[in-house]
Amino acid sequence: MPRCAGLRTDLTLALAHFGVKTQTREELCGKGRDVVPIDECELDRVTPYAAEKADLALRLRPILTEEMERFSVAALCRDIELPLIDVLAEMEWHGIRIDLEFFAHMGRRLARDLHLIQQEIWKVAGEEFNINSTPQLRTILFDKLQLPVLRKTKTGPSTDASVLEELAEQGYELPRLLIEFRQIDKLKGTYYDALPQLVNPRTGRIHSSFRQAVAATGRLSSSDPNLQNIPIRTETGAEIRKGFIPADGFLFVTADYSQIELRVLAHFSGDPAFVDAFRSGADIHRQTAGIIFGVSVDEVTPEMRAAAKTVNFATLYGQGAFALSQNLGISVAEAKEFIENYFARFPDVRRYLDEQIEKARACGYVETISGRRRYIPEINSRNYNIRAFGERAATNAPVQGSAADIIKLAMIAIHREIAGTDIRMLLQVHDELVFEAPIDQAEHARSLVKRLMENAFELRVPLEVVTGVGSDWFSCK
DNA sequence: CTCCTCCGCTTG
DNA sequence: GTACGAGCGGAGGAGC
């Protein structure tokens, strides 16, 4: 299926269309293990700005529109995708600053930790080997040490974190060390080592590429580097956010949509229990727990809330009883009962999801709130697995895609409002925006962004945005 | 040396 | 067989 490529990719293609030769970063600097600093001329050539920007964008529009109309409606192009070109171009142009000293310091610290864990792993294994090599690790774990094989991949026994976790619970020593090694190695290799080398020498900042239509649902994607998957879930991982810092004299301002996908689901389904829960303004997972367990909100235990949260997300993704049972650590039969009970309490949600599957079968596609289409040819496959995938895509895409539409509209509105000020939009992370603003304007920026995001689209339920201000990304809470 | 696939891991 | 959407790095093999 044809795709509208990302901003830089689009520009490169379009410039080629006009006979202008562009060079990618790889072409400019050479490919390979050595990382490639972003050369200033690359930025000059690939990002439209200054005098050339208006002219170039004008000439690009017909080409982009033609591509975009293949999978969406004209109004969507006009109201969202075309205006967003300029927003993304500016985000790419601004980039984001990192604290090189912090990165270097952490890199050294992790290298030391890694060395110690490696020694320990080798000692327990009884020999030296490449821990990063899955084949070598399989030999050690399952041949030499005879640990039980819990799950297989296409090419052999699985050694992923869930398997190692389970082996660790059975009392084996090595899996715990491997989990720790992998976590630290990932942090060092993918983040602490890689990011500093992508700092542009002229701007001193990292300029990611944001693409509009790589994702089938209409979400943005970020690459070179991907700044949408910076660690946050673990304590040691989240620390890296201390290394993302605003320009001198500026503060970061962050703004997150709270449970936007569940709100979209509530809107589409119109399920009264769901809609009322959001309108009451209380904790949605807690409310859900009260409804599915049949207790009052005060009686909801933390365990009940956690289970409800898992089931809420399971619903968004079309998760089945098997996976839910794995997730909650219960039997498949119990998980099945859980799901049935959930839909018995939220019948309109079930009805809405079924309608999407029916629509995909009948029309070949489903739509977001703004009319963006996702075509789902898999829906009529005779192969059960392919068809089931199509059904999950049909139920998930309108929800995920509508959330993407809403934040894109917010970005356009905010971009318009902050034009000519010193407030800069730097990142989008699906339901979050990151800005930097002069210290004395940070509070103003925070309230402005919150207002525009919450009013970007009117749903049956309110949109809620949680904001933060800080002198680094970690502290924006 | 380059490109590709697989595995595993990070995020919303 | 078994949860949606992404991107990246290392290992190892295919092919030039």
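Here is how names work: the chains are called A, B, and so on, in the same order as the sequence lines, proteins then strands, and each is numbered from 1. Just the heavy atoms: all of them, side chains too, but no hydrogens, waters or symmetry mates, feed the values below. From a predicted model like this one, the values you see are computed outputs, not experimental measurements.
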Among A:Thr254, A:Ile414, A:Val469, which residue satisfies the side-chain contact (heavy atoms from CB on, under 4.5 Å) criterion with A:Phe435?
A:Ile414

Should the pair A:Arg351-A:Asp348 be classified as a salt bridge under the 4.0 Å nitrogen-to-oxygen rule?
yes

Please report the distance, rounded to the nearest Å, between [atom1] in [X] and [atom2] in [N].
{"X": "A:Leu187", "N": "B:dT11", "atom1": "CG", "atom2": "C1'", "result": "13 Å"}
{"X": "A:Glu165", "N": "B:dG8", "atom1": "CD", "atom2": "C1'", "result": "15 Å"}
{"X": "A:Leu195", "N": "C:dG9", "atom1": "CG", "atom2": "C1'", "result": "12 Å"}
{"X": "A:Gln400", "N": "C:dA3", "atom1": "CD", "atom2": "C1'", "result": "12 Å"}

Quick one: which of [options] gets closest to the side chain of [X]?
{"X": "A:Lys186", "options": "B:dC9, C:dG9, C:dG10", "answer": "B:dC9"}
{"X": "A:Ser158", "options": "B:dT11, C:dA6, B:dG8", "answer": "B:dG8"}
{"X": "A:Ala161", "options": "C:dC4, C:dG9, B:dC9", "answer": "B:dC9"}
{"X": "A:Ser223", "options": "B:dG12, C:dC8, C:dA11", "answer": "C:dC8"}
{"X": "A:Phe322", "options": "B:dG12, B:dC7, C:dT2", "answer": "C:dT2"}
{"X": "A:Gln319", "options": "B:dG8, C:dA3, C:dA6", "answer": "C:dA3"}
{"X": "A:Arg392", "options": "C:dA11, C:dA3, B:dT11", "answer": "C:dA3"}

Is [X] touching bases, backbone alone, or none of the nucleic acid, heavy atoms closer than 4.0 Å?
{"X": "A:Asp185", "value": "nothing"}
{"X": "A:Thr395", "value": "nothing"}
{"X": "A:Asn226", "value": "sugar-phosphate"}
{"X": "A:Ile230", "value": "sugar-phosphate"}
{"X": "A:Ile232", "value": "sugar-phosphate"}
{"X": "A:Ala403", "value": "nothing"}
{"X": "A:Tyr191", "value": "sugar-phosphate"}
{"X": "A:Arg182", "value": "sugar-phosphate"}
{"X": "A:Gln136", "value": "sugar-phosphate"}

A:Met411 side chain reached by A:Leu220 side chain, heavy atoms, under 4.5 Å
yes

Taking the side chain as C-beta and beyond, is there a heavy-atom pair between A:Leu145 and A:Tyr172 under 4.5 Å?
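A:Leu145 does not reach A:Tyr172 side chain to side chain.
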
Describe, in one word, how the ring planes of A:His207 and A:Trp93 are oriented to each other, choosing from parallel (under 30°), tilted (30 to 60°) and perpendicular (over 60°).
tilted

Do the side-chain N or O atoms of A:Ser133 get closer than 4.0 angstrom to the phosphate oxygens (OP1, OP2) of C:dG12?
yes

A:Arg233 vs B:dG12: side-chain N/O to OP1/OP2 distance below 4.0 Å
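A:Arg233 to B:dG12 OP1/OP2: side-chain N or O found under 4.0 Å.
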
Of all of residues 331-359 of chain A, which get a heavy atom below 4.0 angstrom from DNA chain C, listed by number?
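Here the set is empty: none.
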
A:Thr310 vs A:Asn327, side-chain hydrogen bond (donor to acceptor under 3.5 Å, both in side chains): CA-CA, chis, key distance, verdict
CA-CA 8 Å; A:Thr310 302; A:Asn327 242 326; 5.7 Å; no

Could you list all N or O pairs between the protein and nucleotides 4-6 of chain B that sit under 3.5 Å apart?
none

Considering all heavy atoms of both residues, which atom of A:Gln356 and which atom of A:Thr395 are nearest to each other, and what is their separation?
CB-CA, 4.4 Å

Contact summary for A:Val87 and A:Met425, nearest pair of heavy atoms
CG1-SD, 3.9 Å

Span that lies between the P atom of B:dC6 and that of C:dT2, in whole angstrom
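Taking atom P in both C:dT2 and B:dC6, they lie 15 Å apart.
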
Nearest-Å distance once atom P is located in both C:dG1 and B:dC7
15 Å

Of A:Tyr384 and A:Ser221, whose closest DNA chain C nucleotide lies nearer the 5' terminus?
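The residue closer to the strand's 5' end, by nearest nucleotide, is A:Tyr384.
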
Of A:Phe389 and A:Asn385, whose nearest nucleotide on DNA chain C comes first from the 5' end?
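It is A:Asn385, whose closest nucleotide lies nearer the 5' terminus.
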
In the structure shown, which nucleotide is the Watson-Crick or G-U wobble counterpart of C:dG1, with both distances under 3.5 Å?
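Base-paired to nothing in any strand shown.
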
With salt bridge (charged side-chain N to carboxylate O under 4.0 Å, His left out) as the rule and sequence neighbours excluded, what pairs involving residues 132-144 of chain A come up?
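For residues 132-144 of chain A: A:Glu127-A:Lys144.
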
For side-chain hydrogen bond (donor to acceptor under 3.5 Å, both in side chains), just list the numbers for A:Ser381 and A:Glu378, CA-CA rounded to whole Å, side-chain angles, deciding distance to a tenth of an Å, and then say yes or no.
CA-CA 5 Å; A:Ser381 171; A:Glu378 297 92 343; over 6 Å; no

